[in-house]
J.: 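My questions will all concern the structure given below.
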Amino acid sequence: MESQIKEKQPFRFYTRLNLPELTGLRASTLSQLLELIRKVPGSCIYHHTHRFLQMHQHLSPEPPNDFSYWVIDVLGEDELGERLVSIDTMQFSTIRSLREKIASTIEEYLESSPTAKLKFARPGEEFHFIKSVSFILPTNYTADNLEEFTGILKKITIDSIYFHIFEARLRLEKPSNDFSNWIELSLNNKKLADKLSGLDPYTRTLEDLRGTIIRIVEEEAS
């Protein structure tokens with residue numbers, strides 16, 4: 001069975017701690033928001049598009065990002081807010097490409113709706129940019145085969161699953177999630193790797209994601 005094949009390198013499970021940090025940058029208008037989105041650190045874009053996934057582990061489907069919330073609730077630009085909500089984060093493998101999509105969406109809207117530039121946020125309702133500072137820590141868990149892998153998946157923390165599925169792929173600019181990479185490169189099981197890589201993690205709760213991954217891997221290993 002595949003579960004009995006020793007891989008070239010064991011899979012090391014990591015976990016993460018996250019610290020939100022204020023940047024001191026804020027926007028009162030869409031033009032200011034666009035300007036800052038283009039220049040803030042990537043950790044800011046990551047925070048404002050993934051904060052809900054980190055804080056509300058049981059929300060599904062994908063919640064809106066901070067930009068869309070502010071555009072709708074503060075500026076009243078519902079159409080732009082809907083455009084920002086509709087951005088499929090799963091399509092982007094880097095923060096740079098996600099940033100550009102958000103920025104271009106706002107820029108195109110401003111070009112087609114010039115009066116939107118005249119709207120200002122009320123004092124105290126400005127958009128404050130926050131960056132996500134992550135601390136990546138190794139756990140004591142390693143897996144040599146699929147059987148060990150699923151056994152550990154059943155007991156590791158949600159933060160560990162979040163790191164290997166979301167943060168490693170997007171923020172660290174890996175081509176796929178850590179689980180798929182290991183299964184393909186170390187276990188030489190591209191079929192299973194593709195199944196896991198094809199999952200859309202943004203439409204599932206983290207616990208549902210854990211269960212789905214375990215089920216798929218156990219079916220392969222049986």
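What you see below is based on every heavy atom in this structure, not just the backbone, and it leaves out hydrogens, waters and symmetry mates.
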J.: How about N189 and E220: does a side-chain donor come under 3.5 Å of a side-chain acceptor?
T.: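 Per modelled atom types, N189 and E220 side chains form a pair under 3.5 Å.
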J.: Are any side-chain N or O atoms of T150 and backbone N or O atoms of L146, one a donor and one an acceptor, separated by less than 3.5 Å?
T.: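 Yes; judged by distance alone, with no hydrogens or angles, the pair exists.
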J.: Which pairs, with at least one residue in residues 126-142 and sequence neighbours excluded, count as a salt bridge (Lys or Arg N to Asp or Glu O under 4.0 Å)?
T.: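 Passing the test, one end in residues 126-142: E21-K131.
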J.: Give a yes or no on whether the ring-centroid distance for H48 and Y69 is below 6.0 angstrom.
T.: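 Centroid distance H48-Y69: not below 6.0 Å, so no.
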J.: Checking side-chain polar atoms at under 3.5 Å, does S197 have a donor or acceptor matched by the opposite partner on D194?
T.: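 No, D194 and S197 have no side-chain donor paired with an acceptor closer than 3.5 Å.
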J.: With clusters defined by side-chain heavy atoms of hydrophobic residues (ILVMFWY) lying less than 4.5 Å apart, directly or transitively, does M90 cluster with I216?
T.: yes
J.: Is there a path from I87 to W70 through hydrophobic residues (I, L, V, M, F, W, Y) whose side chains come within less than 4.5 Å of each other?
T.: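 Same cluster: I87 reaches W70 through Ile, Leu, Val, Met, Phe, Trp or Tyr contacts under 4.5 Å.
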J.: What residues form a ring-ring contact (aromatic ring centres under 6.0 Å, His included) with Y141, not counting sequence neighbours?
T.: none
J.: List for me each residue that meets salt bridge (Lys or Arg N to Asp or Glu O under 4.0 Å) alongside E108, sequence neighbours excluded, and say none if there are none.
T.: none
J.: Closest approach of C44 and T23, non-hydrogen atoms and distance?
T.: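 Shortest heavy-atom separation between C44 and T23 comes out as SG-CG2, 3.6 Å.
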J.: What are the two closest heavy atoms between L75 and S28, and how far apart are they?
T.: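 For L75 and S28, the tightest heavy-atom pair comes out as CD2-O, 4.1 Å.
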J.: Taking all atoms of both residues into account, what is the closest heavy-atom pair of L199 and I213, and its distance?
T.: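 Looks like CD1-CG1, 4.1 Å.
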J.: Is K119 close to L30 at the side-chain level, that is, under 4.5 Å between some pair of heavy atoms?
T.: no
J.: Is there a path of hydrophobic side-chain contacts, each under 4.5 Å between heavy atoms of I/L/V/M/F/W/Y residues, joining F127 to V74?
T.: yes
J.: Does the S112 side chain pair with the main chain of Y109, one donor and one acceptor, at a distance under 3.5 Å?
T.: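 Flag set: sc S112 to bb Y109 pair under 3.5 Å.
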J.: In terms of hydrophobic clustering (I, L, V, M, F, W, Y; side-chain heavy atoms under 4.5 Å; direct or indirect links), are I156 and I183 co-clustered?
T.: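 In one cluster: yes.
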J.: Would you please say whether a donor-acceptor pair under 3.5 Å links the side chains of T94 and S97?
T.: yes
J.: Identify whether I102 and Y202 are in the same connected component of the hydrophobic contact network (ILVMFWY, side-chain heavy atoms under 4.5 Å).
T.: yes
J.: Distance alone, cut at 3.5 Å: any donor-acceptor contact between the side chains of T49 and N65?
T.: no
J.: Determine the interplanar angle of the F166 and H50 rings, folded into 0 to 90°, and report it as parallel if under 30°, tilted if 30 to 60°, perpendicular if over 60°.
T.: perpendicular
J.: Centroid-to-centroid, F13 to F11, below 6.0 Å?
T.: yes
J.: Where the side chain of E125 meets the backbone of A121, is there a donor-acceptor pair that is under 3.5 Å apart?
T.: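 Absent.
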